[in-house]
Amino acid sequence: MRVRFAPSPTGGLHMGGVRTALFNYLFAKKHGGDFILRIEDTDRSRFVEGAEQYIIDALKWCGIPPNEGVGFGDGPYGPYRQSERKETGIYHRYAMKLVECGAAYYAFDTEEELEQMRKRMEQAGVPSPQYNHITRQHMRNSLTLSAEEVNKLLQNNTPYVIRLKVPRNEEIKFHDIIRGWVVVNSNQVDDKVLLKSDGMPTYHLAHLADDIEMKISHVVRGEEWLPSAPAHILIYKALGLENLMPEFAHLPLILNPDGHGKISKRESRFPVFPLSWKDPREKEEFIGYREAGYFPEAFMNILALIGWNPGDNQEIMTLDEMAQKFDFAKVNKAGAKFDPEKARWFNQVYLRKKSNEELARLLMPELEKKGWKGEESYVARVCGLMKEKIHFVKECLELGNYFFEEPECKDHEFLKKKKFDENREVYRVLADALENLSSWEAPGIQETFKKTEFEGKKPDMQTFRYLISGHTSGPGLFEVAELLGKDSVIKRIKKNI
RNA sequence: GGCCCGUUCGUCUAGGGGUUAGGACGCAUCCCUUUCACGGAUGAAACACGGGUUCGAUUCCCGUACGGGCUACCA
C-alpha cells in the first residue's frame, strides 16, 4: 500500500491541501503503507520560489511527515520532483507509447489557431468549445495530416503537443472508494494535452506515469479532479495497464463558512495556511495557523473531522487514534463548510490539556520579546489561572497583561456604573485591611474582602478586579490577587483612590 | 450553458425501511459564584421539495430545486 501527496509549488499550501496530505498520511499509517511526497513542478510559468520548502515545512510542523520524497529522504523510486523525472525521459516515453498504440496524436495547432477554433465554435452556439472528437477533424494534427506532412513538420522542429485521442461515444466507468461507481460518456471528455510544446508533461500524463512507476496503490486527491478522472482511466486502458491502475478516492472539498465556493486565502476571518505565507511576487503576507496560535495537534484534529467522522462520538483524537480509526468508507461525499468557531474550540481543548509549565515555555519567548524579565515558574502560575479563559496561549499577553505590567484603569464608564466615586473609602478600608494580613493567600484575601465594610457599604468584586487588573473579567479573583502579591495589589488599589 | 458530484439542527456530523432522529460547536435558560468565566444541568434547533416502490420512507428509485466542482499547452 503506497500513497502520495503531490502538490505543485505554485504558492503556499493551503488547508485543503494539508487535509489531503493528512488523509493520505492517516491511510498509509493505518495500513502500514508508504506515504510519499512528490513535487509536481511541470508548469514553469507558475513556479513560485519558496513554495516547495513551504510545503516541506508545513508537513513537518503538522506532524505528518512523508516517509519518502522531496525533503524527507529519497526512497527507491526517486527522483521525486517531476522536473527532474522529466530528464529521465519517462514522460516522453509514456507519450510515445500512447502515440504508437493510436491512443494519442501530434497536434501542431498554434495558439491563434486554437483561439480561432474556439471563436468559431462559440459563434456556432457552443458555450465552452473543446478540442475533441469533432473539432480535431478540422485542426492541424496527425489525424488530419498525411504521414509525410507530419514527418516533415517534426523534422522541421515545428512546435507540437501530444493529445489524448478520446474515443467517440464510449461509456467510461470507474470506481471511487468514496463515491462508488461513476459513469461518464467519452463525448464529454476532451482530447487533453498530454505533452506540452515545451516538452513538459501536463498533470494528466505526469501524475499517471509517476503513479505507475512509483507503484502507487491509492490515489487520494481533491474532488476537483473527479471530472478528469475518466481521461486518466482511458490512458491506463490504452497503455494496457488496467491491472496497475490505483484505486481512487476523491475527497470532498472544504468550503467557505459564509459566501461561496472553495476556501480562499482572501478569507480574513481565519487563517487558510498552516504557516504564514508570503508570495515573493505579492505584498500581502497571509497569517498561518501556527502564527495564529494553533497547536499542530489541534490543527490536525480540526482538519481530520472535515469530511470524515469515525462514527463514535469522540472528537478529540491524537494522530495515532485517527490513523487507527481512519476509513474511506466513513469519508463524506458532500463538501463541508469550515467552522472557524469550532476550530477555536478545538485549540482551547488542546490548550487545557497542556501543563502549566509547557504553556509557560511557549509564552516565555513572547514575553522576552516585550522586554519582560521574570521567572518561568511565575509565568506557569499565570498560565494555570488563565488557562480556563483563553483559546490561545498568546491571549495571556492581552487578557492577562496585568500579570506582567501595571494596568491602566481608564474605563470611566465602568467606574461610573459601579458608583466608584461614592465608594472610594470602602476600597481604602479594604487596602488597609489587606495590608494587615499576615499571610498572603487566596482564602485569607477572600475572607478579608468579605469582612470589609465602611458605613454599611461593601466592596464590589468586579470593581476590586478592575482596580488590580484593569479588566472586568478574568480568572478567580482571589487567586489573581494572591499571585500578583500583596505589595502590588495594595499599590494598585491605592493608585486609584 | 454542458458534464460530473452532492443535499440530516445555523455549522460539522451520527444513524438508517418502523428511532422520543443521537453527538459536537455556537446560542439561550438555570445552578455554582458577591464579578466575568470555568464546571454542571436543561432547552430551542434538522431529515430541501414532488412523485414513485412499500403495510410503512428521513433512509431505496426517479424528477425538481438548491449547492459545489470541472469545462487551459494550470495543477
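In what follows, every chain begins at residue 1, and chains take the letters A, B, ... in the order their sequences are listed.
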> Find the distance E479(A):CD to rU35(B):P and express it as a whole number of Å.
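Spelled out: CD on E479(A) to P on rU35(B) is 14 Å.
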> To the side chain of K450(A), which of rU34(B), rA75(B), rC36(B) is closest?
rU34(B)
> Any chance you could list the contact pattern along nucleotides 6-14 of chain B? Use B for base contacts, S for sugar-phosphate-only contacts and - for none, protein heavy atoms under 4.0 Å, 5' to 3'.
SS---BSSS
> In whole Å, what separates the C1' atom of rC12(B) from that of rG52(B)?
33 Å
> Using a 4.0 Å heavy-atom cut-off, does N132(A) contact any base of the nucleic acid, only the sugar-phosphate backbone, or nothing at all?
nothing
> In whole angstrom, give me the gap between the P atoms of rG15(B) and rC9(B).
16 Å
> Please report, rounded to the nearest Å, how far the C1' atom of rC3(B) is from the CD atom of E171(A).
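Rounded to the whole Å, the gap is 14 Å.
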> Please give the distance between the P atoms of rA28(B) and rA75(B) as a whole number of Å.
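Taking atom P in both rA28(B) and rA75(B), they lie 49 Å apart.
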> Salt bridge check: are E425(A) and R428(A) linked by an N-O gap of less than 4.0 Å?
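So E425(A) pairs with R428(A) through a salt bridge.
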> Indicate yes or no: does R46(A) engage D41(A) in a salt bridge with an N to O separation below 4.0 Å.
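D41(A) and R46(A): not salt-bridged.
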> For rU7(B) and rA46(B), measure between their C1' atoms and round to the nearest Å.
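Looking at atom C1' only, rU7(B) and rA46(B) are 12 Å apart.
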> Is a donor from one side chain sitting under 3.5 angstrom from an acceptor on the other, for E49(A) and Y54(A)?
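On atom types as modelled, these side chains do not qualify, holding no pair under 3.5 Å.
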> Salt bridge check: are R179(A) and E223(A) linked by an N-O gap of less than 4.0 Å?
yes
> So R118(A), base contact, sugar-phosphate only, or nothing? Heavy-atom distance under 4.0 Å.
sugar-phosphate
> Mind calculating the distance between CZ (R269(A)) and P (rG26(B)) to the nearest angstrom?
14 Å
> How do S473(A) and E111(A) order along RNA chain B: which one's closest nucleotide is nearer the 5' end?
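Looking at RNA chain B, the more 5' nearest nucleotide goes with S473(A).
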> With RNA chain B as reference, determine whether Q348(A) or P159(A) sits nearer its 5' end, using the nearest nucleotide of each.
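Result of the comparison: Q348(A).
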> Between K417(A) (NZ) and rU35(B) (C1'), how many Å, whole number?
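Distance, rounded to whole Å: 11 Å.
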> Is the phosphate of rU35(B) approached by K418(A) (side-chain N or O, under 4.0 Å from OP1 or OP2)?
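No, outside the criterion.
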> Tell me which nucleotide, if any, is Watson-Crick or G-U wobble paired with rU29(B) when both distances must be under 3.5 Å.
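Base partner found: rA41(B).
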> What interatomic distance, in whole Å, is found between P of rC36(B) and the corresponding atom of rU29(B)?
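These two P atoms come out 12 Å apart once rounded.
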> If the C1' atom of rG68(B) is compared with that of rA48(B), how far apart are they to the nearest Å?
16 Å
> Which ones in residues 185-193 of chain A lie close to RNA chain B, meaning a heavy atom under 4.0 Å from one of its atoms?
Q188(A), V193(A)
> Measuring centre to centre across the rings, with the benzene-like ring taken for any Trp, is F299(A) within less than 6.0 Å of Y289(A)?
yes
> Tell whether K389(A) reaches the base of rC38(B) with its side chain through a donor-acceptor pair below 3.5 angstrom.
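It does not, because no donor-acceptor pair links the side chain of K389(A) to the base of rC38(B) below 3.5 Å.
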> Say whether, by atom type as modelled, one donor and one acceptor occur between the side chain of Q462(A) and the main chain of T472(A) under 3.5 angstrom.
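Side chain of Q462(A) to backbone of T472(A), a donor-acceptor pair under 3.5 Å: yes, one is there.
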> Measure centre to centre between the rings of Y294(A) and F392(A), then say whether the value is under 6.0 Å.
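Aromatic pair counts; centres sit under 6.0 Å.
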> Under 6.0 Å between the ring centres of F326(A) and F23(A)?
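Ring-ring flag for F326(A)/F23(A): true, centres closer than 6.0 Å.
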> Looking at the rings of F248(A) and H175(A), which for Trp means the six-membered one, are their centres under 6.0 Å apart?
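Distance test on ring centres: not under 6.0 Å, no.
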> With a non-hydrogen cut-off below 4.0 angstrom, is P7(A) in contact with a base, only sugar-phosphate, or nothing?
nothing
> Using the P atoms only, state how far rA44(B) lies from rC30(B), rounded to an integer number of Å.
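rC30(B) and rA44(B) have their P atoms separated by 16 Å.
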> Under 4.0 angstrom, heavy atoms only, what part of the nucleic acid is Q130(A) near: base, sugar-phosphate, or nothing?
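Sugar-phosphate, backbone atoms only, no base.
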> Looking at D191(A) and K165(A), does any basic side-chain N land under 4.0 Å from a carboxylate oxygen?
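Judged by the 4.0 Å cut-off on N to carboxylate O distance, D191(A) and K165(A) do not form a salt bridge.
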> Starting from P on rC5(B), measure out to NE2 on H175(A) and report it in whole angstrom.
13 Å
> Taking only the P atom of each, what is the distance from rA21(B) to rG16(B) in whole angstrom?
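Taking atom P in both rA21(B) and rG16(B), they lie 16 Å apart.
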> Less than 3.5 Å apart, any donor N or O on the side chain of D43(A) or S45(A) sitting next to an acceptor on the other?
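A donor-acceptor contact under 3.5 Å links the two side chains.
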> Look at the side chain of K458(A) and decide which nucleotide, out of rC4(B), rU34(B), rC73(B), has an atom nearest to it.
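For K458(A), the side-chain atoms sit closest to rU34(B).
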> Atom NZ of K86(A) and atom P of rA75(B): how far apart are they, to the nearest Å?
14 Å
> rG18(B) pairs with which nucleotide, Watson-Crick or G-U wobble, both distances below 3.5 Å?
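Base partner found: rC55(B).
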> For F346(A), report the nucleic acid contact type (base, sugar-phosphate, nothing); a contact means any heavy atom under 4.0 Å.
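No contact.
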> For rU11(B), what is the paired nucleotide under Watson-Crick or G-U wobble rules, both distances under 3.5 Å?
rA24(B)
> Roughly how many Å is it from CD in Q462(A) to C1' in rU33(B), rounded to a whole number?
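After rounding, the reported distance stands at 13 Å.
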> Describe the nucleic acid contact of V126(A) in one word from base, sugar-phosphate, nothing, applying a heavy-atom distance below 4.0 Å.
nothing
> Among the candidates rU35(B), rA75(B), rC73(B), find the nucleotide nearest to the side-chain atoms of E40(A).
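Nearest to the side-chain atoms of E40(A), counting from C-beta on, is rA75(B).
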> Please classify the nucleic acid contact of T10(A) as base, sugar-phosphate, or nothing, using heavy-atom distances under 4.0 Å.
nothing
> Taking E395(A) first and then K387(A), would you say they form a salt bridge - that is, a charged N and a carboxylate O separated by under 4.0 Å?
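No, this pair does not count.
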> Looking at every strand, decide which applies to S228(A) at a 4.0 Å heavy-atom threshold: base, sugar-phosphate, or nothing.
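Here S228(A) touches no strand at all.
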> Whole angstrom is fine here: how far is it from CZ in R344(A) over to P in rC25(B)?
14 Å
> Please classify the nucleic acid contact of L253(A) as base, sugar-phosphate, or nothing, using heavy-atom distances under 4.0 Å.
sugar-phosphate
> Taking any strand in view, what nucleotide pairs with rC66(B) in a Watson-Crick or G-U wobble way, both distances under 3.5 Å?
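By the stated definition (distances under 3.5 Å), rG6(B) pairs with rC66(B).
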> Would you say T202(A) reaches rA72(B)'s phosphate, i.e. side-chain N/O to OP1/OP2 under 4.0 Å?
no
> Is a salt bridge present between E482(A) and R381(A), judged by a nitrogen-to-oxygen distance below 4.0 Å?
yes
